[in-house]
Amino acid sequence: MPELPEVEYVARQLREELPGRRIVSVTVGWPRTLGGMEPSEFVTRVTGQVVGAIGRRGKHLIVELDGGDALVIHRRMSGNLIFLPPEERDPWARIVFGLDDGRTLVFSDPRKFGRTLLVSQVELSDLFASLGPEPLEDEFTAEELQARLRGSRRAIKAALLDQSVVVGLGNIYADEALFRARIHPLRPAASLSHEEVAQLRDAIRETLLMGIEHGGTTFGRHRDVYDEAGTNLDYLNVYRRIGQPCRVCGQPIERVVIAQRSSHYCPHCQPRV
DNA sequence: CTATAAACCTGCTGGC
DNA sequence: TGCCAGCAGGTTTATA
């Protein structure tokens, strides 16, 4: 579920809560969430650590620990990081962190696709080695994007989902950005003019910023750390609006499958030519 | 390089 | 009401 806006929103919240807090207990409810590390090693290396800076790279949330290691959390499809109210239990708790202020932070993940990895600094950079530019940073220019699309004949939608082209976009925001740029999702990536790439670059940034502003898109399970849903669903133009009238021209929104994912677009505003 | 399918998992919705 | 098919915010790996 979570794409860049949902991860960034939660990162900002954790930045207000976690730095300086000591992790006093760790419980592993689903070992595979650790991505191969033995639960005993994870618990040993995390327990007693003091949280440092909170970061984000693409859809990965980074929690620095004072010993030099870092927790890298990827929520994948259904994961949430939530402060669990006292005396409440979460049926989907995969990892539970007890803090020195008495609170409990839970990695809650019904579908179990999410990952909470403990990595050294070296492992961290290896993990991110093949990731593309951050779309909200200055490095993400139209020239940079065009360079990464050059020579690619696959559908632009598929290219936008590829985290080595640009990080942070998922199925919702890729569709929304293409609508905002008025580009059909099946257009071959390298067929976009420089003008169109420039529009797309701007559209990506605006779409993501809007998502962050609204606390992310919730149509299913996305919640922030206080268990609140985001409101960005109300502002979407095409995603999950099949058959409904385009907010710009009134034509019904259509669906096509690209890279095994539902893609939503307006046939009038986003011409195939 | 590109495309496609399957795998990893559980839960919700809609149709009959 | 009950059951089943289909679908869901992501990523990796295998196969053609």
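Below, each value reflects all heavy atoms present in this structure, side chains not excepted, and no hydrogens, waters or symmetry copies.
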Tell me whether the side-chain N or O atoms of A/R154 pair up with the base of B/dA3 as donor and acceptor below 3.5 Å, since no angle test is needed here. no
Looking at A/F113, is A/R115 sitting on its ring face, NZ or CZ under 6.0 Å from the six-membered ring centre and within 45 degrees of the normal?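 Judged by the rule, A/R115 and A/F113 form no cation-pi pair.
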Does NZ or CZ of A/R205 come closer than 6.0 Å to the centre of the six-membered ring of A/F140, within 45° of the ring's axis?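 The answer is no; the distance or angle limit is not met.
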Look at A/E196 together with A/R187 and state whether they make a salt bridge at an N to O cut-off of under 4.0 Å.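 Looking at A/R187 together with A/E196, the answer is yes, because their closest N to O distance falls below 4.0 Å.
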Is the shortest distance from a Lys or Arg side-chain nitrogen in A/E144 or A/R201 to a carboxylate oxygen in the other one below 4.0 Å?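 A salt bridge is absent here (no side-chain N lies under 4.0 Å from a carboxylate O).
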For a quick check of understanding: with a heavy-atom distance under 4.0 Å over all strands, which category does [X] fall into, base, sugar-phosphate or nothing?
| X | value |
| --- | --- |
| A/F219 | base |
| A/G151 | sugar-phosphate |
| A/S262 | sugar-phosphate |
| A/G220 | base |

Could you check A/L84 against A/V96 for side-chain contact (heavy atoms from CB on, under 4.5 Å), going step by step and ending with a plain yes or no? CA-CA 9 Å; A/L84 195 64; A/V96 181; 5.7 Å; no
Between [options], which nucleotide has the shortest distance from any of its atoms to the side chain of [X]?
| X | options | answer |
| --- | --- | --- |
| A/R153 | C/dA8, B/dT2, B/dC8 | B/dT2 |
| A/Q260 | B/dA6, C/dG10, C/dA8 | B/dA6 |
| A/R221 | B/dC9, C/dG10, B/dG11 | B/dG11 |
| A/F113 | B/dT10, B/dC8, C/dT11 | B/dC8 |
| A/S152 | B/dT2, C/dG10, B/dC8 | B/dT2 |

How far, in whole Å, is B/dA5 from C/dA8 if one measures between their P atoms?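 Approximately 15 Å lies between the P atom of C/dA8 and that of B/dA5.
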Intra- and inter-strand pairs of DNA chain B in dot-bracket (Watson-Crick or G-U wobble, both distances under 3.5 Å; | for another strand): .|||||||.|||||||
